[in-house]
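The structure appears below as structure tokens.
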Amino acid sequence: MRAELLAWYGDCGRTLPWRNIDNSYAIWISEIMLQQTQVKTVLPYYQRWLEQFPTVEALAAADQQTVLKAWEGLGYYARARNLHQAAQRIVAEHNGEIPKDFDTITTLPGIGKTTAGGILSSAFNLPHAILDGNVKRVLARLVALPVPPARALKDLWQLSEILLDPTNPRDFNQALMDLGATLCTRRNPQCDRCPCQAHCQAYNRNIQSELPMSETKGPLPHKQIGVAVIWNEQDQILIDRRKQEGLLGGLWEFPGGKIEPGETIEDCIAREIQEELGIEIAVGDRLCTVTHAYSHFKVTLNVHHCTHLSGEPQPIECDEVRWVTLDTIEEYPFPKANIHIINALRAYAAGQTPVDVVETAPST
DNA sequence: CATACGTGGAG
DNA sequence: TCTCCAAGTAT
């Protein structure tokens, strides 16, 4: 099966900018960006990143806000924070060289088993297996896995290791991923073009469309949030930088919080701002309403104009607070949901009517 | 072993 | 409109 797969890869493999290059730093960056993220999404970020941080030294020397700004919009921001930390460790502990040893490279933050295998095989042609989403799907079909892949990780890893071509692990791993990305897709797999068709249990039983089995998940919880755009007398707006840990760590946002049962939006906003920033505000008109879906819950941001009344803002529940103008706000990294608020603010400043931004309709 | 962690695209 | 999920890792 190796020969057929490698031959197919030679003919039909994708051309990607991080493929067949002699730059382990760039390959590392691509592997991190590609975690849970499609190639098409990564492409522009990857190009910009290498222009801005061409070497591991350049990345290590950058400040975190610059790094997060370059990552803005890609999601899973711990990846950017870990990339930055790992770069500093690679410079300090490994003379600026990406480690070639599996146990060493997996001690770096953000590099787990499959990313390590991806880097080591792609950058150095070392015989380490991978098990990403593509490979899980390909292998689940190959053996007609009767359970969801998450229930058989040990077996799938073993299979990936057994199949791996020890003489050409780089091309073999890339071929496996390309097969999953282009032919052995989640829906409508093109088995008629597949180099592994004869070996595929799912195809032989004609159950390729049913595999891999998926876990059933319930509906996402939906939270209502009150958000404040607080103006001072200099026409500045108050933003805060979220703590390093957890959701959107290190990014800036407009302050606010969860609306309690029976609480009005206005009461919620005034309470949250008092609790989190220690200041008094007057809650005014609605600016916009933004509904946004994260991976594990949905939120509706009920955004209101507010006026600063008294008190010096304190970073009680965040790492930092700052008054900014609409002209300089773009220097700060913001999560996607807040980008919508900034756009609404620009429209407001330009004299337009308030807008509702709805990405996903509220379910309740 | 289960959950937290973003965003955009496809059907 | 809504669900699923895509080059996963950390805890």
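Chain identifiers are assigned alphabetically (A, B, ...) following the order of the sequence lines, protein sequences preceding nucleic acid strands; residue numbering begins at 1 within each chain.
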Which part of the nucleic acid, if any, lies within reach of [X] when heavy atoms closer than 4.0 Å are counted: base, sugar-phosphate only, or nothing?
X        : value
A:Gly249 : nothing
A:Ile111 : sugar-phosphate
A:Pro219 : nothing

Starting from [atom2] on [N], measure out to [atom1] on [X] and report it in whole angstrom.
X        : N      : atom1 : atom2 : answer
A:Leu74  : B:dC5  : CG    : P     : 18 Å
A:Ile32  : C:dT9  : CD1   : P     : 8 Å
A:Ile339 : B:dT7  : CD1   : C1'   : 12 Å
A:Met33  : B:dG6  : CE    : P     : 16 Å
A:Arg242 : B:dG6  : CZ    : C1'   : 12 Å
A:Leu247 : C:dA10 : CG    : C1'   : 15 Å
A:Leu220 : B:dG6  : CG    : P     : 14 Å
A:His340 : B:dG8  : NE2   : C1'   : 11 Å

When you measure from every atom of DNA chain C, which of residues 148-160 of chain A have a heavy atom less than 4.0 Å away?
none

Looking only at side-chain N and O atoms, does [X] come under 4.0 Å of OP1 or OP2 in [N]?
X        : N     : result
A:His292 : B:dT7 : yes
A:His296 : B:dA4 : no
A:Lys336 : B:dG8 : yes

Pairwise [atom1] distance for [N] and [M], with rounding to whole Å:
N     : M     : atom1 : answer
C:dT9 : B:dG9 : C1'   : 23 Å
B:dG6 : C:dT1 : P     : 26 Å
C:dC4 : B:dT3 : P     : 16 Å
C:dC5 : B:dC5 : C1'   : 14 Å

With no hydrogens and no angle check, is any side-chain donor or acceptor of [X] less than 3.5 Å from a backbone partner on [Y]?
X        : Y        : answer
A:Arg141 : A:Gln208 : yes
A:Arg14  : A:Ala181 : no
A:Glu97  : A:His94  : no

If you look only at pairs with a residue in residues 308-339 of chain A, which of them pass as a ring-ring contact (aromatic ring centres under 6.0 Å, His included), with sequence neighbours excluded?
A:Trp252-A:Tyr332, A:Phe254-A:Phe334, A:His308-A:Trp323

Quick one: which residue pairs count as a ring-ring contact (aromatic ring centres under 6.0 Å, His included) with a foot in residues 124-180 of chain A, not counting sequence neighbours?
A:Phe102-A:His128

All heavy atoms of A:Ser121 vs all of A:Asn173, minimum pair found to be OG-ND2, 3.1 Å

What pairs meet the side chain to side chain donor-acceptor pair (under 3.5 Å) rule with one or both residues in residues 39-51 of chain A, with sequence neighbours excluded?
A:Tyr25-A:Trp49

Over 60° means perpendicular and under 30° means parallel, so tell me whether A:Phe297 and A:Tyr294 are parallel, tilted or perpendicular.
tilted

Is the shortest distance from a Lys or Arg side-chain nitrogen in A:Glu272 or A:Lys258 to a carboxylate oxygen in the other one below 4.0 Å?
no

Members other than A:Ile162 in its cluster, when Ile, Leu, Val, Met, Phe, Trp, Tyr link by side-chain heavy atoms under 4.5 Å?
none

Dump the pairs, protein N or O against N or O of nucleotides 5-8 of chain C, anything under 3.5 Å, distances to one decimal.
| residue | atom | partner | partner atom | Å |
| --- | --- | --- | --- | --- |
| C:dC5 | OP1 | A:Arg186 | NE | 3.0 |
| C:dC5 | OP1 | A:Arg186 | NH2 | 3.1 |
| C:dA6 | OP1 | A:Arg137 | NH1 | 3.4 |
| C:dA7 | OP1 | A:Asn134 | OD1 | 3.1 |
| C:dA7 | OP1 | A:Asn134 | ND2 | 2.6 |
| C:dA7 | OP2 | A:Asn134 | OD1 | 2.5 |
| C:dA7 | OP2 | A:Asn134 | ND2 | 3.3 |
| C:dA7 | O5' | A:Asn134 | ND2 | 3.1 |
| C:dA7 | O4' | A:Asp132 | OD2 | 2.5 |
| C:dA7 | N6 | A:Trp18 | NE1 | 2.8 |
| C:dA7 | N1 | A:Arg14 | NH2 | 3.0 |
| C:dG8 | OP1 | A:Gly133 | N | 2.7 |
| C:dG8 | OP2 | A:Gln36 | N | 2.7 |
| C:dG8 | OP2 | A:Gln36 | NE2 | 2.9 |
| C:dG8 | O5' | A:Gln36 | N | 3.3 |
| C:dG8 | O3' | A:Thr115 | OG1 | 3.2 |
| C:dG8 | N7 | A:Gln36 | NE2 | 3.4 |

Of the options B:dA4, C:dA10, B:dT7, whose atoms approach the side-chain atoms of A:Asn82 most closely?
C:dA10

